[in-house]
Amino acid sequence: MIDLRSDTVTQPSQAMREAMARAEVGDDVYGEDPTVNRLQTTAAQLLGKEAALFVPTGVMANQLSIRLHTRPGDEVIVESSSHLIRYEGGSASALSQVQLSCVSGDRGLLSLKPVQAALRPKDVHNPPTTLLCLEQTHNVGGGTVYPLETIKGLTSWARENGLALHLDGARLFNAVVASGISAAEYASHFDTVCFCLSKGLGAPVGSMIVSTQDNIDKLRRLRKMFGGGMRQAGILAAAGLYALEHNISRLKEDHDNAKNLALHLQQIPTVFVDPDRVDTNIVVFEVVRSEHSTAELLQAFKESGVLLNAMGERMFRAVTHLDVDGADIEKAAHVLGSVLTV
Ligand SMILES: *Cc1c(COP(=O)(O)O)cnc(C)c1O
């Protein structure tokens, strides 16, 4: 089976498992796990921030950050197809009692004018707008990379207007590898930045939040409150350290594989895809003519050995990652071609 549903499906490699087995551990709620501490120091340095916190999931990283930056009744500006609005179970309203204001972007990327229009004037009728969240790369947008200039424009305007800034950088390192811009440069424009160890970086579990020491101290207390304080978590942190040391630069292979898949899909007459719009490791394509429903097509792909996710009516997403190689991509393209050409 060639599994292109997500880069979350990656399996820890043998070498990563060995690093996990060797990890020195302690009780991380007491701050005594040396491997977690090393991961946190490494992540903070890599992103040019004072401190970092290891958390179980990307959703928890986002939700702790929202809780940190807001008070109940505040409003948070997000992009309308962002992970925060679509895939986090309504947690911002449930856990932080904030209202999300959705602004549409181009392939998930916000521009300044509509964001400016979403800022509420200070008035007793209005919720105070206190936080702007961006997503890099943008998942539903198709792995799109925010240009640095756009980030600078949005964040400097937001700062002038007193908003805090959070980056959902679940796939930040895909953007780093695709653009050649450092993680620290991207991170310098935000108060809090999170990224996933468990996607293309190949670790089994975990996300990081980076920020100032003061914010990380507060986030540490919030993490305990949200139930995310872990004990001998060095076993997991060792996988994260291994991922940061070995699996960043190889993301380029995933990007090349995604581009190659898109070029193959473009040859199928019933498929619409624009390979020029494949910035990183996500290919979104549409089947423009078919007698079959989205679910039937997914089933037919699966029966021929390829797993994909649906993104809408006959819209599909293929995500490349470290457990699929160039030959798998050729095979997957062939399978999709034969299913869609009958
Ligand atoms: C995967 C993802 C997350 C976090 O998801 P978890 O499954 O909780 O780790 C957050 N934001 C984006 C954009 C993602 O793709």
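For ligands, and for the atoms within them, numbers begin at 1 and follow the listed sequence. Below, each value reflects all heavy atoms present in this structure, side chains not excepted, and no hydrogens, waters or symmetry copies. Numbers for residues simply follow the sequence, beginning at 1. Small disclaimer: the values here were computed from a predicted structure and weren't measured.
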Legend entry - K199 near ligand 1 by a heavy-atom separation under 4.0 Å: yes

Legend entry - M60 heavy atom under 4.0 Å from ligand 1: no

Inset, instruction - List the steps and the verdict of side-chain hydrogen bond (donor to acceptor under 3.5 Å, both in side chains) for S91 and Q63. - result: CA-CA 7 Å; S91 50; Q63 295 306 323; 3.0 Å; yes

Legend entry - Test log, rule side-chain contact (heavy atoms from CB on, under 4.5 Å), inputs N247 and F173: CA-CA 10 Å; N247 291 346; F173 286 99; over 6 Å; no

Inset, instruction - Decide, yes or no, whether a salt bridge links K331 with D325 under the criterion of side-chain N to carboxylate O below 4.0 Å. - result: no

Inset, instruction - Name the option, out of Q63, H138, E135, Q136, that contains the heavy atom nearest to atom 13 (C) of ligand 1. - result: E135

Taking only distance into account, with no hydrogens and no angle test, what donor-acceptor pairs under 3.5 Å do side-chain atoms of residues 262-278 form with protein atoms, sequence neighbours excluded?
from: H264; atom 1: NE2; to: E330; atom 2: OE1; distance (Å): 3.1
from: H264; atom 1: NE2; to: E330; atom 2: OE2; distance (Å): 3.4
from: D274; atom 1: OD1; to: D276; atom 2: N; distance (Å): 3.0

Inset, instruction - Distance to 0.1 Å, residue and atom name: give those for the protein heavy atom nearest to atom 4 (C) of ligand 1. - result: G58 CA, 3.4 Å

Legend entry - ligand 1 contact on N62 by region, counting heavy-atom pairs under 4.0 Å: side chain

Inset, instruction - Say whether D168, considering both its backbone and side-chain N or O atoms, lies within less than 3.5 Å of an N or O atom on ligand 1. - result: yes

Inset, instruction - Mark yes or no for whether S211, through its side chain, and D191, through its backbone, hold a donor-acceptor pair below 3.5 Å. - result: yes

Inset, instruction - For ligand 1, indicate whether the residue V59 contacts it via side chain, backbone, both or neither (heavy-atom separation under 4.0 Å). - result: both

Inset, instruction - Would you please say whether a donor-acceptor pair under 3.5 Å links the side chains of N281 and D7? - result: yes

Inset, instruction - Answer yes if a protein heavy atom lies under 4.0 Å from atom 15 (O) of ligand 1, otherwise answer no. - result: yes

Inset, instruction - Could you list which atoms of ligand 1 come closer than 4.0 Å to a heavy atom of N139? - result: 15 (O)

Legend entry - Heteroatom proximity flag, S198 to ligand 1, N/O under 3.5 Å: no

Legend entry - Side-chain H-bond candidate by donor/acceptor type, S81 with E79, under 3.5 Å: yes

